[in-house]
Amino acid sequence: MTIRLYDTSARQIRDFTPLQPGCVSIYLCGATVQAAPHIGHIRSGLNFDIMRRWFEYRGLEVTFIRNVTDIDDKIIAKSAEQNRPWWSIGYDNERAFTDGYRALGCLPPTYEPRATGHITEMVEMMRGLIERGHAYEADGNVYFAVTSFPEYLKLSNQELDNLLQPSAEGETGKRDPRDFAMWKAAKPGEPSWETPWGRGRPGWHLECSAMAHKYLGTAFDIHGGGLDLIFPHHENEIAQAKAYGDEFARYWVHNAWVTMSGEKMSKSLGNSVLVSEMVKRWRPIVLRYYLGTPHYRSMIEYSEEALREAESAFARIEGFVQRAAELAGRPVEPSAEVPPAFAEAMDDDLGVPQALAVVHTTVRQGNSALAADDKDAAVARLAEVRAMLGVLGLDPMDPHWAGDTDSGEDLHGVVDSLVRLVLDQREAARARKDWPTADAIRDRLGQAGLVIEDSAQGPRWSLGPR
């Protein structure tokens, strides 16, 4: 068994060999909490949740760090706009991200450190970089001198002579306009912390270098994040960490975006779709299917039609799981191993689309077994499907998804009782061979959005596609 991953720094798929046999260490750039999350934010968490689940299926112990950036320029700007404390905005939105991850079935990280809880580690790193000649203080700011680090821009494959470094107001005293701020001098009314170079607050890039060092040590396996973070964020993280003396990340894995009209979904463009609103309109497990089943390096163009297609596709899987479980008449646990074709796809750079094709093939085989009233074959396929869905976080029989219906479990029970009364009337019509009445009842239920299936165990209903 060899897992292979696309490494952005190598620009190719590489065999994955962990630093410590049997263990995997992952650092994922998490939320910047100036606003509530849209589905583009949560996609990153989902992609790396699937990665983590696959490593664990393969028997590896995973340490998964996902940070929270709870202080930066955007949060401070929101504080001024809303006349609210910066920490209040950060806390509310951090909770919104946590709720979004949980709603879509992401496992909690091993640790989820906040930037403001690691000022001491940042000061220590800056002191070391200044001593080594890689950083300097100017006007209360601390800058990283990019020309002091020969490997700078290796990840993003840019030319230093052509570099345009993002810069913010107040970043004065730079020796070179391409240098970037690790620490920003305090401004009136802004949050600040005491350092040997005066009061100020951290720059975005320094936070992750310091927290990765604290929780994963001088070297770790995988650093993840969205494509938009390659430059400047990840490039600057590498410069700080390696100039400090760390080996840092050995593999760089980046997920693609969710787009609308060809543009990256973002708060600044005003085209975001908030998770909190989406879960009111769509079942969370359907949203997970929609966001998690394309390849992590493929763009997702958001559309209602695409979501409806995802809903229909998942309904076919879920319908088989429910029917096979009813036929079994007992709990059917996931099989100990997934089918070889599924494992082969997942080992090859987390090929979820190819793995999902195996799921659908197995579902079709299971449906054929149900139609033939072959209980043993149907139950065997159910166990395989549950094992594969478990890796993808999509097993509808997992306790996490209990009650994951459009209107909640209580209302589902009420609707089920009412539909059963109507189905009893239909069965009575069929028993007396009153086919027009039976068909009319079925048609009316279909118009109400219900799909009726006749099986050896009697009629069953489910919600149809929207």
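Not measured: the values here are computed from a predicted model.
Heavy-atom neighbours of Glu194 CD from other residues, nucleotides or ligands within 6.0 Å: above the threshold of 12. A 6.0 Å sphere centred on CD of Glu344 holds no more than 12 heavy atoms belonging to other residues, nucleotides or ligands. For CD of Glu159, the number of neighbouring non-hydrogen atoms (other residues, nucleotides, ligands) closer than 6.0 Å is 12 at most. Atom CD of Glu305 has 12 or fewer neighbouring heavy atoms from other residues, nucleotides or ligands inside a 6.0 Å radius. Remark: Lys187 NZ is packed, more than 12 non-hydrogen atoms of other residues, nucleotides or ligands lying under 6.0 Å away. Counting heavy-atom neighbours within 6.0 Å of Glu61 CD, excluding the residue itself, gives a total of 12 or less. By the 6.0 Å contact criterion, CZ on Arg95 is open, its count of non-hydrogen atoms from other residues, nucleotides or ligands being 12 or less.
Contacts classified as salt bridge (charged side-chain N to carboxylate O under 4.0 Å, His left out) and involving residues 1-19 (residues at least two apart or in different chains) are given here: Arg4-Asp15, Arg4-Asp348, Asp7-Arg14. Within the structure, salt bridge (charged side-chain N to carboxylate O under 4.0 Å, His left out) contacts touching residues 100-129 (residues at least two apart or in different chains) are Arg66-Glu112, Glu94-Arg114, Asp99-Arg102, Glu121-Lys214.
One finds the OG1 atom of Thr218 at 7.0 Å from the CD atom of Glu247 (value rounded to the nearest 0.5 Å). Interatomic distance, Ile3 CD1 to Asp347 CG, rounded to the nearest 0.5 Å: 5.5 Å.
The closest side-chain heavy-atom distance from Met211 to Tyr27 is below 4.5 Å. Within the 4.5 Å cutoff, no side-chain heavy atoms of Tyr289 are placed close to those of Leu307. Two residues are said to be in side-chain contact when any heavy atoms from C-beta on lie closer than 4.5 Å; Met182 and Met125 fail this criterion.
The only member of Phe16, Phe48, Phe64 that meets ring pair (Phe, Tyr, Trp, His ring centres under 6.0 Å) when paired with Phe55 is Phe16. Applying ring pair (Phe, Tyr, Trp, His ring centres under 6.0 Å) to Phe144 and the options Tyr244, Tyr136, Trp183, Phe180 leaves one that passes, Phe180. For the pairing with Glu56, the salt bridge (charged side-chain N to carboxylate O under 4.0 Å, His left out) check across Arg58, Arg52, Arg53 returns one residue only, Arg52.
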- [ ] Just do the side chain to side chain contact (heavy atoms under 4.5 Å, CB included) check on Trp87 and Ile75 with the steps written out, would you?
- [x] CA-CA 9 Å; Trp87 44 263; Ile75 296 171; over 6 Å; no
Open item on the list: With side-chain hydrogen bond (donor to acceptor under 3.5 Å, both in side chains) as the criterion, how do Glu263 and Thr259 come out once you've worked through the C-alpha distance, each side chain's angles and the decisive distance to 0.1 Å?
Closed with: CA-CA 5 Å; Glu263 294 186 273; Thr259 61; over 6 Å; no
Open item on the list: With salt bridge (Lys or Arg N to Asp or Glu O under 4.0 Å) as the criterion, how do Arg308 and Glu311 come out once you've worked through the C-alpha distance, each side chain's angles and the decisive distance to 0.1 Å?
Closed with: CA-CA 5 Å; Arg308 284 192 292 271; Glu311 183 180 50; over 6 Å; no
Task: Working for side-chain hydrogen bond (donor to acceptor under 3.5 Å, both in side chains), residues Thr32 and Gln34 - done: CA-CA 6 Å; Thr32 298; Gln34 84 270 21; 5.1 Å; no
- [ ] Evaluate the criterion salt bridge (Lys or Arg N to Asp or Glu O under 4.0 Å) for residue pair Asp49 and Arg288; output intermediate values, then yes/no.
- [x] CA-CA 11 Å; Asp49 182 65; Arg288 183 178 177 102; 2.7 Å; yes
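Within the 3.5 Å criterion, the main-chain N or O of Gly40 finds no donor-acceptor partner in the side chain of Ser44.
Salt-bridge formation is not detected for the pair Arg386/Asp398: no Lys NZ or Arg NE/NH1/NH2 atom is positioned less than 4.0 Å from an Asp or Glu carboxylate oxygen. Of the charged side-chain nitrogens involved, none lies within less than 4.0 Å of a carboxylate oxygen, so that Asp179 and Arg175 do not count as a salt-bridged pair. A salt bridge links Arg178 with Asp176: the distance from a Lys NZ or Arg NE/NH1/NH2 to an Asp or Glu carboxylate oxygen falls below 4.0 Å. For the pair Arg201 and Glu207, the salt-bridge criterion is not met [side-chain N within less than 4.0 Å of a carboxylate O].
Using cut-offs of 30° and 60° on the angle between ring planes, the pair Phe97 and Tyr101 is tilted. Relative ring orientation between Phe220 and His223 is described as tilted, the plane-to-plane angle lying within the 30° to 60° band. Ring geometry for Trp252 versus Phe248: interplanar angle of 30 to 60°, hence tilted.
Under the rule for a ring-ring contact (aromatic ring centres under 6.0 Å, His included), the partners of Trp204 that lie at least two apart in sequence or sit in another chain are His233.
Note: His234 and His254 meet the aromatic proximity criterion, with ring centroids under 6.0 Å apart.
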